[in-house]
*Asks:* 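Below: one structure in structure tokens.
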Amino acid sequence: MRINKGFVLRNVYGQSVIVGEGLEAANFGKMIPLNESATVIWEQAEALGDFNVEQLATRLCEEYEVTMEKACQDVAKILNEWQSIGIISE
């Protein structure tokens with residue numbers, strides 16, 4: 001998977017949000033708020049470029065006291081949401 005071109009993480013009044021920038025995301029017109037763990041997932045996805053559920057779940061396990069099974073479930077859920085709104089793609 002990859003983050004689609006034109007989507008970036010920004011801090012708006014202390015809240016992490018995903019926004020669309022440039023022509024690639026011109027019709028997006030939304031800000032997607034992220035909680036702390038979703039921000040960790042996004043930052044790891046950005047750092048990797050190409051990523052999968054297990055890679056992002058491993059990062060969550062490093063950051064939080066969570067089992068790999070639970071981290072994989074949480075990551076898969078958020079990636080499905082992001083994919084459904086066009087922020088990431090396979």
*Asks:* Rounded to the nearest 0.5 Å, what's the gap from CD on Glu36 to OH on Tyr64? Could you check?
*Replies:*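 OH of Tyr64 is found 3.5 Å from CD of Glu36.
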*Asks:* For a 4.5 angstrom cut-off between non-hydrogen side-chain atoms, does Gln73 reach Glu69?
*Replies:* yes
*Asks:* Please lay out, stage by stage, how Leu60 and Glu62 fare under the test side chain to side chain contact (heavy atoms under 4.5 Å, CB included).
*Replies:* CA-CA 5 Å; Leu60 276 187; Glu62 293 169 356; over 6 Å; no
*Asks:* Restricting to salt bridge (charged side-chain N to carboxylate O under 4.0 Å, His left out), what partner residues turn up for Glu54, sequence neighbours left out?
*Replies:* none
*Asks:* Does some side-chain heavy atom of Ile41 sit less than 4.5 Å from a side-chain heavy atom of Arg59?
*Replies:* no
*Asks:* Applying salt bridge (charged side-chain N to carboxylate O under 4.0 Å, His left out), name anything that partners Glu43, two or more places apart in sequence or on another chain.
*Replies:*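 Not a single residue meets the salt bridge (charged side-chain N to carboxylate O under 4.0 Å, His left out) criterion with Glu43.
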*Asks:* Please name all residues satisfying side-chain hydrogen bond (donor to acceptor under 3.5 Å, both in side chains) with Asn80, sequence neighbours left out, ordered by chain then number.
*Replies:*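 Here no residue qualifies.
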*Asks:* Can you list, by chain and residue number, the hydrophobic cluster partners of Val17 when the side-chain cut-off is 4.5 Å?
*Replies:* Val8, Val12, Tyr13, Val19, Met31
*Asks:* State, to 0.1 Å, how close Thr39 and Ser16 come at their nearest heavy-atom pair, and which atoms those are.
*Replies:*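 Closest approach of Thr39 to Ser16, heavy atoms only: OG1-CB, 3.3 Å.
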*Asks:* Do Arg2 and Glu90 come within less than 4.5 Å of each other through their side chains, counting heavy atoms only?
*Replies:*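 They are not in side-chain contact.
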*Asks:* Between Arg10 and Glu21, does any NZ, NE, NH1 or NH2 come within less than 4.0 Å of an OD or OE carboxylate oxygen?
*Replies:*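 Yes.
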*Asks:* Return the set of residues passing side-chain contact (heavy atoms from CB on, under 4.5 Å) with Ala45 (not counting sequence neighbours), or none when no residue passes.
*Replies:*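 In terms of side-chain contact (heavy atoms from CB on, under 4.5 Å), with neighbours along the sequence ignored, Ala45 is linked to Ile3, Phe51, Leu56.
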*Asks:* Whether the side chain of Gln55 engages the backbone of Asn52 through a donor-acceptor N/O pair (distance < 3.5 Å, no angle test) should be reported.
*Replies:* yes
*Asks:* Is there a donor-acceptor pair closer than 3.5 Å between any side-chain N or O of Gln15 and the backbone N or O of Leu34?
*Replies:* yes
*Asks:* To check you understand the geometry: which heavy-atom pair defines the closest contact between Ile87 and Phe7, and what is its length?
*Replies:* O-CD1, 4.0 Å
*Asks:* Out of curiosity, does Ile18 fall in the hydrophobic cluster containing Ile85 (side-chain heavy atoms, cut-off under 4.5 Å, transitive links)?
*Replies:*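 Looking at the clustering, Ile18 is in the same group as Ile85.
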*Asks:* Does Lys70 have any salt bridge (charged side-chain N to carboxylate O under 4.0 Å, His left out) partners at least two apart in sequence or in another chain, and if so, which?
*Replies:*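 If we apply the salt bridge (charged side-chain N to carboxylate O under 4.0 Å, His left out) test to Lys70, skipping adjacent residues, the hits are Asp74.
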*Asks:* Taking atom types as modelled and ignoring hydrogens, do the side chains of Ser89 and Asn4 form a donor-acceptor contact shorter than 3.5 angstrom?
*Replies:*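 Side chains of Ser89 and Asn4: pair found under 3.5 Å.
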